[in-house]
Amino acid sequence: MKLSEKNKDFFEMVFQVVQLIPPGRVTSYGAIARYLGSPQSSRMVGWAMHASHQVPGIPAHRVVNRIGLLTGRIHFDPPEMMEKRLQQEGISVKNDAVVDFKKIFWDPNVELEIK
DNA sequence: GTCTTGACGTTTA
DNA sequence: CTAAACGCCAAGA
(Lines give C-alpha, C1' and ligand atoms only; values in the text may rest on other atoms or scores of the structure.)
Protein backbone atom coordinates (compact mmCIF):
# COMPACT_ATOMS: atom_id res chain seq x y z
CA MET A 1 0.00 0.00 0.00
CA LYS A 2 1.32 3.39 -0.93
CA LEU A 3 1.41 6.15 1.58
CA SER A 4 0.11 8.62 -1.00
CA GLU A 5 -3.10 6.71 -1.56
CA LYS A 6 -3.75 6.24 2.10
CA ASN A 7 -3.54 9.94 2.65
CA LYS A 8 -6.12 10.73 -0.02
CA ASP A 9 -8.63 8.18 1.14
CA PHE A 10 -10.65 10.44 3.41
CA PHE A 11 -10.65 13.35 1.00
CA GLU A 12 -11.76 11.31 -1.98
CA MET A 13 -14.57 9.81 0.04
CA VAL A 14 -15.88 13.29 0.77
CA PHE A 15 -15.58 14.28 -2.88
CA GLN A 16 -17.59 11.27 -3.95
CA VAL A 17 -20.41 12.00 -1.53
CA VAL A 18 -20.54 15.67 -2.48
CA GLN A 19 -20.77 14.77 -6.14
CA LEU A 20 -23.64 12.46 -5.32
CA ILE A 21 -25.69 15.32 -3.92
CA PRO A 22 -28.74 15.74 -6.19
CA PRO A 23 -29.61 19.20 -7.59
CA GLY A 24 -31.72 21.41 -5.38
CA ARG A 25 -30.46 19.63 -2.31
CA VAL A 26 -27.84 20.37 0.33
CA THR A 27 -26.05 18.45 3.02
CA SER A 28 -24.01 19.20 6.11
CA TYR A 29 -20.40 18.51 7.01
CA GLY A 30 -21.47 16.45 9.98
CA ALA A 31 -23.72 14.25 7.84
CA ILE A 32 -20.83 13.45 5.54
CA ALA A 33 -18.47 12.95 8.44
CA ARG A 34 -20.89 10.52 9.98
CA TYR A 35 -21.25 8.75 6.68
CA LEU A 36 -17.50 8.28 6.64
CA GLY A 37 -17.66 6.79 10.09
CA SER A 38 -16.30 9.77 12.00
CA PRO A 39 -19.28 11.72 13.38
CA GLN A 40 -17.02 13.91 15.45
CA SER A 41 -14.53 14.61 12.71
CA SER A 42 -16.76 17.02 10.86
CA ARG A 43 -13.89 19.47 10.69
CA MET A 44 -11.99 17.14 8.43
CA VAL A 45 -14.84 17.35 5.97
CA GLY A 46 -14.32 21.08 5.90
CA TRP A 47 -10.64 20.54 5.18
CA ALA A 48 -11.54 18.15 2.42
CA MET A 49 -13.79 20.80 0.95
CA HIS A 50 -10.92 23.21 1.04
CA ALA A 51 -8.91 20.72 -0.95
CA SER A 52 -11.83 20.39 -3.36
CA HIS A 53 -10.80 23.72 -4.82
CA GLN A 54 -8.17 21.91 -6.80
CA VAL A 55 -10.69 19.33 -7.96
CA PRO A 56 -13.30 20.40 -10.56
CA GLY A 57 -16.79 18.95 -10.37
CA ILE A 58 -17.07 19.35 -6.62
CA PRO A 59 -20.27 21.29 -5.84
CA ALA A 60 -19.00 22.54 -2.50
CA HIS A 61 -21.75 25.16 -2.58
CA ARG A 62 -24.19 22.38 -1.78
CA VAL A 63 -22.41 21.68 1.48
CA VAL A 64 -23.26 23.84 4.47
CA ASN A 65 -23.02 23.51 8.20
CA ARG A 66 -25.67 21.82 10.30
CA ILE A 67 -27.83 24.93 10.58
CA GLY A 68 -27.76 25.53 6.85
CA LEU A 69 -25.48 28.53 7.17
CA LEU A 70 -23.14 29.24 4.29
CA THR A 71 -20.10 29.40 6.50
CA GLY A 72 -17.71 28.45 3.74
CA ARG A 73 -18.88 30.93 1.17
CA ILE A 74 -15.99 33.23 2.06
CA HIS A 75 -13.62 30.64 0.71
CA PHE A 76 -15.11 30.79 -2.76
CA ASP A 77 -13.42 32.83 -5.41
CA PRO A 78 -16.31 35.26 -5.46
CA PRO A 79 -17.99 34.67 -2.09
CA GLU A 80 -21.29 35.51 -3.72
CA MET A 81 -20.97 32.57 -6.05
CA MET A 82 -22.08 30.09 -3.42
CA GLU A 83 -25.50 31.54 -2.66
CA LYS A 84 -25.88 32.53 -6.28
CA ARG A 85 -25.24 28.97 -7.34
CA LEU A 86 -27.72 27.65 -4.77
CA GLN A 87 -30.43 30.03 -5.96
CA GLN A 88 -29.67 28.91 -9.47
CA GLU A 89 -30.63 25.39 -8.44
CA GLY A 90 -33.83 26.56 -6.83
CA ILE A 91 -32.50 26.90 -3.31
CA SER A 92 -33.42 30.13 -1.59
CA VAL A 93 -30.71 31.77 0.47
CA LYS A 94 -31.52 34.39 3.07
CA ASN A 95 -28.89 36.15 5.13
CA ASP A 96 -26.22 33.61 4.14
CA ALA A 97 -28.56 30.85 5.31
CA VAL A 98 -30.46 28.24 3.32
CA VAL A 99 -34.23 28.64 3.42
CA ASP A 100 -36.16 25.46 4.27
CA PHE A 101 -32.82 23.84 4.86
CA LYS A 102 -34.53 21.04 6.71
CA LYS A 103 -36.65 20.26 3.67
CA ILE A 104 -33.88 20.22 1.11
CA PHE A 105 -31.42 18.56 3.41
CA TRP A 106 -29.85 15.53 1.76
CA ASP A 107 -28.49 12.98 4.16
CA PRO A 108 -26.18 10.37 2.56
CA ASN A 109 -26.87 8.00 5.42
CA VAL A 110 -30.58 8.10 4.58
CA GLU A 111 -30.69 8.70 0.83
CA LEU A 112 -28.00 6.16 0.17
CA GLU A 113 -29.80 3.81 2.52
CA ILE A 114 -26.87 2.62 4.55
CA LYS A 115 -27.76 -0.44 6.55
C1' DG B 1 10.44 20.11 15.66
C1' DT B 2 6.17 22.49 18.28
C1' DC B 3 2.12 25.60 18.38
C1' DT B 4 -2.05 27.71 16.39
C1' DT B 5 -5.80 27.88 13.41
C1' DG B 6 -9.55 25.86 10.87
C1' DA B 7 -15.61 25.30 5.23
C1' DC B 8 -17.96 21.64 12.39
C1' DG B 9 -20.62 19.29 15.73
C1' DT B 10 -21.79 17.47 20.18
C1' DT B 11 -21.81 17.77 25.05
C1' DT B 12 -21.50 20.06 29.46
C1' DA B 13 -21.88 24.09 32.67
C1' DC C 1 -32.44 29.40 27.25
C1' DT C 2 -27.13 30.85 26.15
C1' DA C 3 -22.09 30.29 26.61
C1' DA C 4 -18.08 27.70 26.73
C1' DA C 5 -15.13 23.50 26.32
C1' DC C 6 -13.94 19.21 24.03
C1' DG C 7 -13.01 16.16 20.21
C1' DC C 8 -11.34 15.16 15.63
C1' DC C 9 -7.35 15.42 12.23
C1' DA C 10 -4.66 18.20 9.01
C1' DA C 11 -2.00 22.06 7.29
C1' DG C 12 0.35 26.47 7.80
C1' DA C 13 3.61 29.40 10.40
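Contact annotation: the side chain of Ser92(A) never approaches that of Asp100(A) to less than 4.5 Å [non-hydrogen atoms, C-beta and beyond]. Using a 4.5 Å heavy-atom cutoff, the side chains of Met82(A) and Val93(A) are not in contact. For the pair Val45(A)/Val17(A), no side-chain contact is recorded, criterion being any heavy-atom separation below 4.5 Å from C-beta on. The shortest distance between side-chain heavy atoms of Tyr29(A) and Val14(A) does not fall below 4.5 Å. You'll find the side chain of Pro23(A) reaches within 4.5 Å of the side chain of Arg62(A), heavy atoms only.
Proximity of residues 37-51 of chain A to DNA chain C (heavy atom under 4.0 angstrom from any strand atom) is restricted to Gln40(A), Ser41(A), Arg43(A), Met44(A), Trp47(A). Taking every heavy atom of residues 76-86 of chain A and every atom of DNA chain B, pairs under 4.0 Å involve Phe76(A), by number. Within a heavy-atom distance below 4.0 Å of DNA chain B, the residues of residues 57-67 of chain A found are Ala60(A), Asn65(A), Arg66(A).
dA3(C) and dA7(B): their C1' atoms are spaced 23 Å apart (whole Å). Taking atom P on both dA5(C) and dT4(B), the two are 15 Å apart, rounded to the nearest angstrom.
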Short N/O separations, protein against nucleotides 1-5 of chain C, under 3.5 angstrom:
none

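Among the heavy atoms of the strands lying under 4.0 Å from Ser28(A) are primed sugar atoms or P, OP1, OP2 only; no base atom is included.
For the atom pair Ile91(A) CD1 and His61(A) NE2, the distance stands at 7.0 Å (nearest 0.5 Å).
For the pairing with Phe76(A), the side-chain contact (heavy atoms from CB on, under 4.5 Å) check across Met81(A), Arg85(A), Glu83(A) returns one residue only, Met81(A).
Considering only residues two or more places apart in sequence or on other chains, Phe101(A) meets the ring-ring contact (aromatic ring centres under 6.0 Å, His included) condition with Phe105(A).
For DNA chain B, the outermost nucleotides in 5' to 3' order that have an atom under 4.0 Å from a heavy atom of chain A are dG6(B) to dT10(B).
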